[in-house]
Amino acid sequence: NASLGLWDKYNFFYDATGYGPVFEEEPLDIVYTKESPDKRISMNCRARGNPAPTWRRDNWEIKLLELPTDHYSLVGGNLIINNPDEKKHAGTYVCVAKNIYGTVISKEAKVKFGFLEEFPDEERDPVTVKQGQGAVLICDPPKRWPYEVTFQWIFNEFPRFLHPDKRRFVSQSTGNLYISKVEESDAGNYSCYVFNPQIGKGVYSKFISLIPIEEYTKRSLRLTTPLGNPTGNKRRKHQTHSVSLNDSYKSDLVVKFPDTTWAVTINNTQKDVGSEHTMSCVANGKPTPYIRWLKDGFSYGKGELKFSSLTFDDSGMYQCIAENYWGIIYASAELRVIACAPTFEFNPVKKYLLGANNGRVVIECKPRAAPRPKFTWTKGKEVLFNNSRISIMFDGSLEILNATRNDEGLYTCFAENDKGKANSSGILTITEATQITVAPEDTVAMVGDEVRLQCQASYDPSLDVTFIWSLDFRVIDLYLEWKHYQRVMDQENSGELKIMNVQIAHEGRYTCTAQTVVDNVTASADLKVKGRPGPPGGVRVEEIRDTSVKLVWNRGADHGNPVLGYTIQTRDFYALTKDDWRVASTSPTALNGMAVMADVVDLYPWMQYEFRVYATNEFGDGEASVPSIKIKTWDAVPVVAPTNVGGYGGKDGELVVTWTPVKPQFFYGKKFGYVVAFKPHDGSDWWYETISDPETRRYVHRDSSFGVTSDDFQVREFQVKVKTFNIKGDGPYSLTTTVYYPRDVPSESPTDVYARPVSSHEALVWWLPVMDTGTGLQQYIDGYQVKYWRKYDDTEPGANRIFVPATANQTRLENMRPDSHYLIEVRAYNGAGVGPPSEHCEMFTKRAPPSVAPRMWRYISWTGKWLYVWWDHIPYNWFGNESFPLYYKVMFRKTGYITGPIYMTGWHFMDFPMPQVGDYELEVRGRYEGGDGPIRKIRLQGKASFLRPTLNLAAVLLLALCIMGLET
């Protein structure tokens with residue numbers, strides 16, 4: 001009986017056509033809240049293979065049939081938990097799928113109970129801060145789970161949320177709101193809003209009032225704000241004043257480790273009883289995942305599983321589990337151990353077999369059998385044995401070397417094991433071998449040439465032959481690569497390949513394969529392409545200095561022509577685009593074709609650079625190398641001083657010093673800033689102010705002693721200069737500039753104000769500059785304010801204003817209304833204020849141009865070489881509101897270009913040579929007293945083909961007038 005049961009097990013594994021359970025849907029982690037309206041938890045599980053699903057909680061089976069409860073129920077494999085309770089139902093759940101082939105366990109799914117408490121009801125204290133300083137509003141979020149939430153701040157009212165920017169930042173770890181420089185517009189009420197996306201709940205705090213206070217006594221400060229933006233430092237002679245915030249901001253840094261993934265996994269496998277087998281899986285992850293195994297739902301070892309002699313008990317469902325601190329992944333597969341008598345039902349020997357004369361013939365014999373059978377071959381009635389030409393391979397296939405016509409016949413494969421035996425037969429026919437008769441030859445070509453590679457073959461006339469070309473073992477797809485490759489089909493047995501417009505990428509070994517269903521033969525040839533050199537490789541920086549680096553590279557392919565030289569290009573941190581590469585200065589200046597290193601000089605200190613190299617030969621510049629790794633040069637003392645140093649005196653002893661900031665390229669190091677030095681013209685001691693913000697462009701100093709005294713005539717002179725500094729030291733001072741502190745606002749007004757309209761929207765205005773009638777001094781005038789407004793339609797307080805420097809006595813007025821009556825007023829101003837106004841100048845702007853473009857027609861000559869264009873005259877209505885036409889402007893430019901030649905004409909027609917290559921656009925617009933009118937455009941396509949007609953000239957003109965098209 002025992003032997004019969006074992007034989008039934010053999011037959012079960014041989015005849016079984018089902019499969020082990022496979023999960024289609026596995027349960028997921030769930031966070032449940034008491035506020036959930038459903039009052040239940042649903043955990044999904046679906047598997048293929050007709051399993052009967054069961055569930056486990058914390059490794060204990062949930063026995064729904066034996067111990068039914070009001071909380072648990074099963075719906076189509078899904079587990080439903082009604083009225084969940086944290087103490088009873090929180091934990092780790094798995095779904096178990098089982099059938100006759102084995103058992104698998106799903107991924108673990110955790111059920112947790114989430115919550116988010118409310119903010120306390122206590123009122124929040126207001127925050128008072130000086131304008132220009134930093135502020136932090138504390139969120140102090142309530143207790144919660146899960147801990148991952150999002151923070152936002154409500155400004156004044158819900159749902160008006162504050163949008164972070166360069167000045168305001170919300171920490172997603174603490175919820176605090178940081179403001180680097182408080183402005184008057186920041187005043188208001190703020191509330192911290194906490195939202196937990198996993199439970200879908202949000203709460204918000206009591207409002208916090210932020211009250212900015214204007215700092216009336218402005219001083220230069222070194223201020224450490226929560227965002228780390230120092231705003232300055234004041235040093236008057238040898239006295240220092242500084243202010244700092246106690247709260248500093250720690251940036252949110254989230255380290256994301258890669259997900260655990262399978263590198264090698266397991267698959268369903270069928271093996272013979274008694275054979276060897278190894279099961280292994282490899283997972284990628286950080287830290288390295290730990291590998292363990294389950295068999296039919298129970299622990300079965302770790303690492304790699306090895307079977308020296310498989311038995312039926314080894315059949316089942318295996319699960320490989322990889323886990324580390326960050327997660328866990330599963331892989332499932334079935335191992336089925338079988339035993340059966342040989343059968344050719346599913347894979348018989350081919351009935352008709354073909355082999356090439358003098359070639360190698362392999363007749364496959366692969367019956368289904370377990371354990372492995374013994375193989376025997378016969379030809380007709382002759383039993384075959386291994387010899388120098390014929391051998392029976394390990395898998396049962398028969399190998400015949402140097403086959404001839406005598407080897408034709410009926411071959412039979414016999415397979416036998418302890419369960420039975422079977423055989424299968426096939427007839428072998430020997431055909432003529434395929435041979436290459438004309439082989440391709442080695443060829444040298446220039447870039448752009450056309451190359452033909454010959455390939456002809458002889459083959460058995462009963463067969464069809466196919467020619468296949470490959471380049472460096474890559475098969476050439478003639479359909480996808482039709483622009484360069486084409487088969488020449490001029491002969492039946494020829495597979496000639498034509499290569500058009502040869503490029504460097506086409507260089508390599510070309511192999512022609514002549515293939516039939518029986519055999520194939522190949523022949524190869526090398527194609528050398530001469531052209532521009534290839535990209536150098538291995539570009540790297542070996543030494544870094546403050547203004548230079550040592551660059552090393554490897555030579556690239558010369559493509560048949562010696563390299564004449566190399567060029568190094570750089571791209572710094574402030575490059576406008578990714579293609580903004582610039583030729584670098586090197587030492588030596590000229591790099592010959594043998595160079596593999598050079599010093600790149602004239603670099604900016606403390607600047608991020610990357611480098612690339614390209615080679616040049618007689619054909620031109622080659623492709624550039626891959627850029628080097630980005631590096632930063634060492635820092636150094638700054639050498640560039642601020643420019644355009646100037647300033648003016650204001651009210652109540654206020655001295656304003658201005659300058660143009662140094663560009664970031666010239667910072668040359670960390671902690672870059674400015675030192676402002678100033679003193680009265682007749683003083684001996686300089687006052688120094690340190691500004692640590694590199695973007696600052698003005699400094700205001702207040703001192704009541706700086707005002708104009710009785711000893712000063714009209715102005716008091718101050719000498720100012722500005723220098724730079726960084727962590728390495730001080731840079732040079734700018735040129736000393738004299739700044740004038742006026743006694744009072746200008747007392748004189750500009751005279752002879754005159755304006756002239758330029759168009760319907762613009763005008764020019766002039767005036768005579770203000771001169772002090774007593775001394776002829778002009779220095780205390782800082783500039784002029786020009787106001788203009790419509791006399792009857794606008795109010796003077798809402799007038800447009802333009803400020804111009806004292807050195808100018810004219811300016812352009814823009815954004816004016818057409819056909820309008822304007823008043824223009826000019827005043828002189830200085831640091832103390834604005835002087836008296838000039839007399840009003842009245843002016844009328846011109847009428848606007850027409851809103852409709854002229855209609856236009858075109859005609860191309862019968863030779864196709866000339867283009868004739870004409871357009872409508874724009875009629876002028878003397879009583880209308882449109883301006884008078886002056887002439888026409890015609891632009892003829894290539895499509896895609898912004899500019900082109902512009903022609904001006906008083907006629908309403910022009911002719912042009914018809915472009916033969918490329919696409920062009922022709923634009924016509926009228927020029928009016930009020931400016932340019934709208935554009936009418938036509939598009940032209942080059943290479944137009946025209947039939948040469950036999951009509952006379954009159955007929956041609958009549959035909960042209962009939963077919964001409966009105967452009968819209």
Side-chain angles (χ1 to χ4, degrees), residues 448 483 501 575-583 620-621 757-764 812-816 818 845-876 882-949 956-957 959-968:
K483 290 184 178 181
N501 190 18
L576 298 178
T577 65
K578 64 179 181 179
D579 297 323
D580 188 10
W581 289 90
R582 303 183 180 183
V583 177
D621 298 333
V758 176
S759 67
S760 59
H761 299 283
E762 294 179 324
L764 291 177
R812 178 182 289 266
L813 309 182
E814 299 177 341
N815 299 321
M816 305 179 80
T845 54
K846 296 186 177 182
R847 297 178 181 178
S851 59
V852 180
R855 294 186 303 170
M856 182 167 52
W857 292 267
R858 65 178 174 184
Y859 167 67
I860 300 173
S861 67
W862 67 285
T863 61
K865 294 183 178 181
W866 287 94
L867 169 68
Y868 300 96
V869 180
W870 64 98
W871 55 89
D872 279 344
H873 264 311
I874 301 298
Y876 178 70
E882 294 178 347
S883 57
F884 184 78
L886 300 176
Y887 53 87
Y888 297 97
K889 298 165 70 173
V890 182
M891 177 186 289
F892 195 41
R893 60 184 172 87
K894 196 169 185 179
T895 301
Y897 285 69
I898 299 176
T899 61
I902 298 178
Y903 308 94
M904 291 178 288
T905 178
W907 301 98
H908 66 288
F909 56 85
M910 288 190 74
D911 53 55
F912 300 90
M914 180 64 188
Q916 298 300 306
V917 178
D919 298 336
Y920 285 80
E921 294 178 354
L922 190 144
E923 299 177 354
V924 176
R925 70 191 312 174
R927 176 64 181 181
Y928 306 85
E929 287 183 339
D932 290 337
I935 295 174
R936 180 75 68 181
K937 180 191 300 185
I938 61 173
R939 290 181 172 84
L940 304 169
Q941 186 174 5
K943 287 191 173 180
S945 60
F946 301 94
L947 295 176
R948 189 180 299 272
V956 171
L957 293 176
L959 178 62
L961 292 175
C962 294
I963 66 173
M964 63 185 178
L966 176 62
E967 298 295 325
T968 60

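FYI, side chains are in, hydrogens and waters are out, and symmetry mates aren't considered; it's all heavy atoms of this structure.
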| note | Across all chains, not counting sequence neighbours, the side-chain contact (heavy atoms from CB on, under 4.5 Å) partners of Phe884 are Tyr876, Trp878, Leu886, Glu929
| request: Check side-chain contact (heavy atoms from CB on, under 4.5 Å) between Thr577 and all other residues, then give those that pass, not counting sequence neighbours. | output: Asp579, Asp580
| field | side-chain contact (heavy atoms from CB on, under 4.5 Å) against Thr905, all qualifying residues, sequence neighbours excluded | value | Trp871, Tyr888, Trp907, Met910
| field | For Tyr903, ring pair (Phe, Tyr, Trp, His ring centres under 6.0 Å) partners two or more places apart | value | Phe912
| message | Students often mix this up, so state it plainly: with edges at 30° and 60°, are the rings of His908 and His873 parallel, tilted or perpendicular? | response | tilted
| task | Would you indicate whether the side-chain heavy atoms of Met891 and Ile935 approach each other to under 4.5 Å? | result | no
| note | Sorted by chain and residue number, the side-chain hydrogen bond (donor to acceptor under 3.5 Å, both in side chains) partners of Arg927 (sequence neighbours excluded) come out as Asp932
| Taking only residues two or more places apart in sequence, or in another chain, which ones meet Glu923 in a side-chain hydrogen bond (donor to acceptor under 3.5 Å, both in side chains)? | Arg893
| request: Would you please name every residue forming a side-chain contact (heavy atoms from CB on, under 4.5 Å) with Glu814, sequence neighbours left out? | output: Glu762, Arg812
| task | Specify the closest pair of heavy atoms between Ser883 and Gly930, including all atoms of both residues, with the distance to one decimal. | result | OG-N, 3.3 Å
| query | Under the salt bridge (Lys or Arg N to Asp or Glu O under 4.0 Å) test, which residues partner Asp621, sequence neighbours left out? | reply | none
| said: Quick check against the 3.5 Å criterion: does His761 have a side-chain atom that pairs as donor or acceptor with the backbone of Met816? | reply: yes
| said: Quick one, Phe892 and Tyr920 - any side-chain contact, counting heavy atoms below 4.5 Å? | reply: yes
| query | Does the side chain of Val869 reach to within under 4.5 Å of the side chain of Val890, using non-hydrogen atoms? | reply | no
| query | Can you list the residues that meet the salt bridge (Lys or Arg N to Asp or Glu O under 4.0 Å) rule with Asp872, with sequence neighbours excluded? | reply | Arg855
